[in-house]
Engineer: 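Following this message is one structure expressed as structure tokens.
Letters A, B, ... are given to chains in the order of the sequence lines, protein chains preceding strands, and every chain is numbered from 1.
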Amino acid sequence: MIDVRQVRHDPELARRALARRRDDGAMAQLDRVLELDARRLEVLGEVERLRAERNEASREFGRRKQAGEELGDLQADLAARAARLKDLEEDLREFDSLLEAHLLAIPNFLHEDAPEGDAAANREVRRWGTPRQFDFAPRPHWEIGAELGLFDLPRGSRLAGSGFPLFTGMGARLVRGLANFMLDLHVREHGYLEVQPPYLVNATTARGTGQLPKFEDDLYRVERDELYLLPTAEVPVTNIHAGEILDAAVLPIAMVAYTPCFRREAGSHGKDTRGLIRVHQFDKVELVRICRPEESEAEHERITRHAEVVLERLELPYRVVTLAGGDTGFASARTHDLELWAPGIDGWLEASSASTFTDFQARRAGIRFRPEPGAKPEFAHTLNASGVAFPRTIIALLENGQQADGSVRLPDALVPYVGTDRLVAST
RNA sequence: GGACAGGUGGGUGAGUGGUUGAAACCGCCGGUCUCGAAAACCGGUAUACCGGCAACGGUAUCGAGGGUUCGAAUCCCUCCCUGUCCGCCA
């Protein structure tokens, strides 16, 4: 959530920050916020004045009654004032909820470093690894997976619908191995605390990280219990410290979680849906960091690197892309995507998004820290990065590791986790 | 799912309609004492919003949201959560 006082204080700054998102709707919301805020403040002033009067009069009432003095028409007079106050308080509540609703719908201010423009303006900042030269035509992962019995997409569809993959045999073993490999790396070498969060979250939690109220259509919802399936572990993990005032000494907090993710992918039907490219359920290891504001710039670089190391250990060529304003997610101030090279489909695939949210999520979720003992609490900054998402990593592993004989060579780092250096057809 | 008991400040925990934003203790910060520390003693110590350069003033907050009342931590309603027992169950 953006800071309404900052908007009030410098509307032009807010306008400029939002303009870079190429989001006309957000701009209109901002104007509405300014208007609502001004009117709310008027009503608030009046309500507080009336309440002060009432409190004073009620104290007098109590004093007189205790002293056995004459009350006269004081009670009737106060009752009339109370009715007037009640009306105004209702107005105030209305303004409060309207203002909040609009504020919740406004995206985060962009980092000045995010390129101007839409997705076409995304900026590649570095590349790692060299795409392999093939002496045969590399095949797409869905052919390799089906042939080696790693996954069975038709039967997965039968169980739940298209986009719900069924991994089988060594494919299932590969998923398990990837989970352990990534968790071990982040816990042992990068210093993260391993957590295993709930896979369903309530509306408050989903609002804390920015999925609600604007993106409800992207979530699977369990209506009966008013819960949502998590679209990413970012949601429960970032909210672990919601509503808390943290001791500065515990910062930065670094947590890693391995969870399934559920996404309705509303509006993206028919786009990049072959094989495992875009699915409704997938596994992911997620990194979350909570830090002091002055650290978030360095933390963003750090968390991005932590995700990159995963890809490097897996010997997968990738590039880092800083998203342009028009392509940056709602809650993010700046996002670095890690894109894997997939020779079978001849394209780059986003396997990780590393974002800094500045205080946007911290405001929504109420994540604060006390800079010094006795000092006023401040909002923390939050960051997260996939470290990394499984399906596209599996795509890259299969397509980059495929051999002329149809088998797939696995990177050394994975051998102890999967128990083999080569995936072959199980006859 | 049923029954009962509860949810108060960083922690423990008083408080059942009128200077209670809230006793007391612990913790924390500052001071006295000490070569230094501990102990003891003294003082301070919630959060948010509004107004103000500030000092400060006002308002709200005792799980959440409504209601009753001149006035609610205290009474009523709904919801959430925790504990105990029963039921069911991996």
Engineer: Which pairs pass salt bridge (charged side-chain N to carboxylate O under 4.0 Å, His left out) with one or both residues in residues 219-242 of chain A, sequence neighbours excluded?
Structural biologist: Glu216(A)-Arg221(A)
Engineer: How does each nucleotide of nucleotides 66-73 of chain B score, in 5' to 3' order, for protein heavy atoms under 4.0 Å: base (B), sugar-phosphate only (S), or none (-)?
Structural biologist: SSS-BS--
Engineer: Wobble G-U and Watson-Crick pairs count when both distances are under 3.5 Å; given that, what is the 5' to 3' dot-bracket string of RNA chain B, with | for pairing to other strands?
Structural biologist: ((((((((.[[[..)..(.....]]]((((((.......))))))((((((....)))))).[[[[[..)....]]]]])))))))....
Engineer: For Arg64(A), is the CZ atom crowded, meaning more than 12 foreign heavy atoms sit under 6.0 Å from it?
Structural biologist: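 Yes, the 6.0 Å shell around CZ holds more than 12 heavy atoms from other groups.
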Engineer: Using the 3.5 Å cut-off, write out each protein N or O paired with an N or O of nucleotides 50-52 of chain B and the distance between them.
Structural biologist:
residue: rC50(B); atom: OP1; partner: Arg8(A); partner atom: NH1; Å: 2.7
residue: rC50(B); atom: OP1; partner: Arg8(A); partner atom: NH2; Å: 3.1
residue: rC50(B); atom: OP2; partner: Arg5(A); partner atom: NH1; Å: 3.4

Engineer: Does anything in residues 167-181 of chain A pair up under side chain to side chain donor-acceptor pair (under 3.5 Å), and if so which pairs, sequence neighbours excluded?
Structural biologist: none
Engineer: Using atom types as modelled, flag every donor-acceptor pair under 3.5 Å from a side chain in residues 240-257 of chain A to any protein atom, sequence neighbours excluded.
Structural biologist:
residue: His241(A); atom: ND1; partner: Glu244(A); partner atom: OE1; Å: 3.0
residue: Asp247(A); atom: OD1; partner: Ala249(A); partner atom: N; Å: 3.0

Engineer: Quick one: side-chain hydrogen bond (donor to acceptor under 3.5 Å, both in side chains) partners of Asn239(A), sequence neighbours excluded?
Structural biologist: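 If we apply the side-chain hydrogen bond (donor to acceptor under 3.5 Å, both in side chains) test to Asn239(A), skipping adjacent residues, there are no hits.
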Engineer: I'd like a table of atom pairs between the protein and nucleotides 88-90 of chain B - only N or O on both sides, under 3.5 Å - with the distance next to each one.
Structural biologist:
none

Engineer: List, one per line, each side-chain donor-acceptor pair under 3.5 Å for residues 320-331 of chain A, sequence neighbours excluded.
Structural biologist:
residue: Thr322(A); atom: OG1; partner: His336(A); partner atom: ND1; Å: 3.0
residue: Asp327(A); atom: OD2; partner: Asn122(A); partner atom: ND2; Å: 2.9
residue: Thr328(A); atom: OG1; partner: Ala324(A); partner atom: O; Å: 2.8

Engineer: Could you list the residues that satisfy side-chain contact (heavy atoms from CB on, under 4.5 Å) with Arg363(A), not counting sequence neighbours?
Structural biologist: Met1(A), Asp3(A), Asp359(A), Phe379(A)
Engineer: Give me, pair by pair, the N or O atoms of the protein and of nucleotides 75-83 of chain B that are less than 3.5 Å apart, along with how far apart they are.
Structural biologist:
none

Engineer: Any side-chain N or O of Arg368(A) less than 4.0 Å from the OP1 or OP2 oxygen of rU47(B)?
Structural biologist: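 Negative; the distance criterion is not met.
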Engineer: What pairs meet the side chain to side chain donor-acceptor pair (under 3.5 Å) rule with one or both residues in residues 197-206 of chain A, with sequence neighbours excluded?
Structural biologist: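 Residue pairs passing side chain to side chain donor-acceptor pair (under 3.5 Å), neighbours aside: Asn202(A)-Thr205(A).
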